K.L.:
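Attaching a single structure in structure tokens format; questions to follow.
Remember, predicted model here, so these are calculated numbers, not experimental data. Values below: every heavy atom of this structure, side chains too, minus hydrogens, waters and symmetry copies. Just follow the structure's listing: the first ligand is 1, and inside any ligand the first atom is 1.
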Amino acid sequence: MLKFREALEIILKHTNILGKEKVFITDALNKVLAEDILADRDNPPADNSGMDGFAVRYEDIKGASEDNPKVLKIVGEAKAGGDSVKIGKGEACYIYTGGLIPEGADTVVQKELTKVEGDKVYIYKELKKGANVRRQGEDYKKGEVLIKKGKKIRPAEMGVLASVNKASVYVYQSPKVCILTTGDEIVDVGESITSPSQVRTSNTYSIYGQVLEAGGIPIIGGFVKDNPKDIEEKLLNARNSDILITSGGVSMGKYDLVRDFVQKVLDVEIVFWKVAQKPGKPVVFGVWGENKEKLFFGLPGNPVASMVVFENFVKPVIRKMRGEEKVFNPIIKAKLKTNYKRKKAERLEFVRVYVEYKDGEFLATPFGKQGSNILTGMVYANGLALIEVGEYEKKEGDEVEVIIFDKDFLDRTDFS
Ligand code: AMP
Ligand code: MG
């Protein structure tokens with residue numbers, strides 16, 4: 001059976017970055033730049049003041065001290081957004097933060113080092129020539145690349161976009177992900193349940209959230225009964241999407257029709273079926289579309305399997321399609337807080353764990369019930385500990401690798 005890491009490599013080999021689209025700056029957060037951002041002018045655009053005080057000529061304040069203040073004549077005012085002014089020998093002018101340095105001036109003395117009497121200002125300290133002056137172009141020069149293509153847009157990048165007058169910007173498109181939920185037993189939220197054999201869908205909405213979290217655009221393509229006519233009809237809903245995800249119907253059962261019908265209806269070419277992993281063994285991966293640029297994932301119906309396969313296989317795909325450079329969830333090393341044992345060791349297992357940071361190390365506690373149908377284990381967990389092929393047992397205190405799927409975990413952990 002195909003190994004997990006081989007499967008991941010195959011999937012990413014078939015994944016291409018999508019085309020560009022132009023978005024308003026206010027819609028650009030978390031998107032990835034598809035163009036370099038250049039400075040439209042120098043910043044600062046001209047020499048200006050970093051302080052409130054007086055603009056002076058260095059020559060005129062040389063030797064100033066508490067006992068020997070220099071006296072200058074106040075001839076004007078330079079405020080942020082004001083016109084540029086001029087001073088001559090023996091003269092000073094009021095200046096405020098952001099005010100243009102007057103012609104003739106080269107230094108700003110902060111207000112605290114001065115005293116005003118009528119139209120005279122006393123300067124009590126010699127400063128270095130150029131003190132408190134923000135130089136033209138000291139941040140950046142016109143034409144300089146300020147943000148490179150491929151960078152993910154955070155609030156800081158939004159600010160820079162605005163400062164260089166980019167009201168809209170090219171970013172990579174986000175993949176449209178069609179979610180088709182299969183199963184005769186499946187009932188949507190809000191529908192009434194009349195029999196104990198019916199199952200309220202969780203997968204539709206956990207997948208929906210995972211698509212959003214990865215930066216994709218989820219589209220609920222419908223609920224499909226396990227019969228040919230229904231499958232054929234609803235599969236057509238996926239035609240305009242970049243990724244088709246089906247939930248359920250990929251195992252060995254008589255009613256697992258998904259694999260056959262995606263081939264028949266959407267001309268999906270199946271690349272692999274089944275991966276040596278637990279949970280999520282029956283996953284199907286395929287490619288379709290004119291140039292086989294669209295992807296198909298048949299996720300297993302078991303709720304944990306669905307989520308785990310999505311984290312490991314689909315999230316990196318969505319991130320890559322939307323131009324992100326880092327596509328994988330972070331992996332950390334943690335110490336197990338309890339023993340973990342299993343009877344078979346043929347598959348790579350993802351164990352739901354809760355990771356915490358204590359006294360300089362990560363500690364991972366496995367959830368008590370690891371069944372792939374037990375979704376509350378995913379509510380408890382923030383990570384998936386890897387138990388490798390051939391490993392039957394891990395002891396308390398052993399180190400394990402943990403994939404962190406809770407995106408706030410590393411940001412919000414107190415590492416002090
Ligand atoms: P399947 O992969 O279709 O054989 O389904 C495997 C198990 O997952 C069955 O017990 C299903 O009832 C359950 N299941 C399938 N789809 C969903 C869903 N959308 N939400 C919750 N459980 C599901
Ligand atoms: Mg089913």
K.L.:
Write out the residue and atom name of the closest protein heavy atom to atom 9 (C) of ligand 1, then the distance separating them to 0.1 Å.
P.N.:
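Checking every protein heavy atom, the shortest distance to atom 9 (C) of ligand 1 gives Glu185 OE2, 4.1 Å.
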K.L.:
When the aromatic ring centroids of Phe296 and Phe285 are compared, is their separation below 6.0 Å?
P.N.:
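Ring-ring flag for Phe296/Phe285: false, centres at least 6.0 Å apart.
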K.L.:
Got a salt bridge between Glu388 and Arg5, using NZ or NE/NH1/NH2 to carboxylate O under 4.0 Å?
P.N.:
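Salt bridge present between Glu388 and Arg5.
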K.L.:
I need the Tyr94 OH to Lys79 NZ distance, nearest 0.5 Å.
P.N.:
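Between Tyr94 OH and Lys79 NZ, I get 15.0 Å after rounding to 0.5 Å.
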K.L.:
For atom 18 (C) of ligand 1, what is the closest protein heavy atom, and at what distance to 0.1 Å?
P.N.:
Asn203 ND2, 3.3 Å
K.L.:
Thinking salt bridges, do Arg135 and Asp47 make one under a 4.0 Å N-O criterion?
P.N.:
yes
K.L.:
Measure from NZ or CZ of Lys115 to the centre of the six-membered ring of Tyr122 and say whether it is under 6.0 Å with the direction within 45° of the ring axis.
P.N.:
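The answer is yes, since Lys115 meets both limits relative to Tyr122.
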K.L.:
Enumerate the atoms of ligand 1 whose separation from the nearest heavy atom of Thr181 is less than 4.0 angstrom.
P.N.:
19 (N)
K.L.:
Under 4.0 Å between a side-chain nitrogen and a carboxylate oxygen: does that hold for Asp260 and Lys264?
P.N.:
no
K.L.:
Which of these, Gly301, Gly298, Ser372, Ser251, has its nearest heavy atom closest to atom 23 (C) of ligand 1?
P.N.:
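Of the listed residues, Gly301 has the closest heavy atom.
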K.L.:
Taking 4.0 angstrom as the limit and counting only heavy atoms of Asn302, give me the atoms of ligand 1 inside it, by number and element.
P.N.:
6 (C), 7 (C), 8 (O)
K.L.:
When you check the gap from the basic side-chain N to the acidic O, do Glu346 and Lys344 get nearer than 4.0 Å?
P.N.:
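Looking at Glu346 and Lys344, the cut-off is not met.
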K.L.:
Hey, looking at atom 16 (N) of ligand 1, which of Thr246, Ile186, Thr204 has the closest heavy atom?
P.N.:
Ile186
K.L.:
So, are Lys166 and Glu35 salt-bridged, with charged N and O less than 4.0 Å apart?
P.N.:
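A salt bridge is present here (some side-chain N lies under 4.0 Å from a carboxylate O).
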K.L.:
Could you tell me which atoms of ligand 1, counted from 1 in the order shown, lie closer than 4.0 angstrom to a heavy atom of Gly249?
P.N.:
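Checking each atom against Gly249, I get 1 (P), 2 (O), 3 (O).
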K.L.:
Does Asn373 approach ligand 1 within less than 4.0 angstrom via side chain, backbone, both or neither, non-hydrogen atoms only?
P.N.:
neither
K.L.:
Are any of the N or O atoms of Thr201 closer than 3.5 Å to those of ligand 1?
P.N.:
yes
K.L.:
Where on Ser202 is there a heavy atom closer than 4.0 Å to ligand 1, on the side chain, on the backbone, on both, or on neither?
P.N.:
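The answer is both.
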K.L.:
For ligand 1, which atoms have a heavy atom of Pro303 less than 4.0 angstrom away?
P.N.:
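Answer for ligand 1: 21 (C), 22 (N).
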K.L.:
Give the atoms of ligand 1, by number and element, whose distance to some non-hydrogen atom of Val199 is under 4.0 Å.
P.N.:
12 (O), 21 (C), 22 (N)
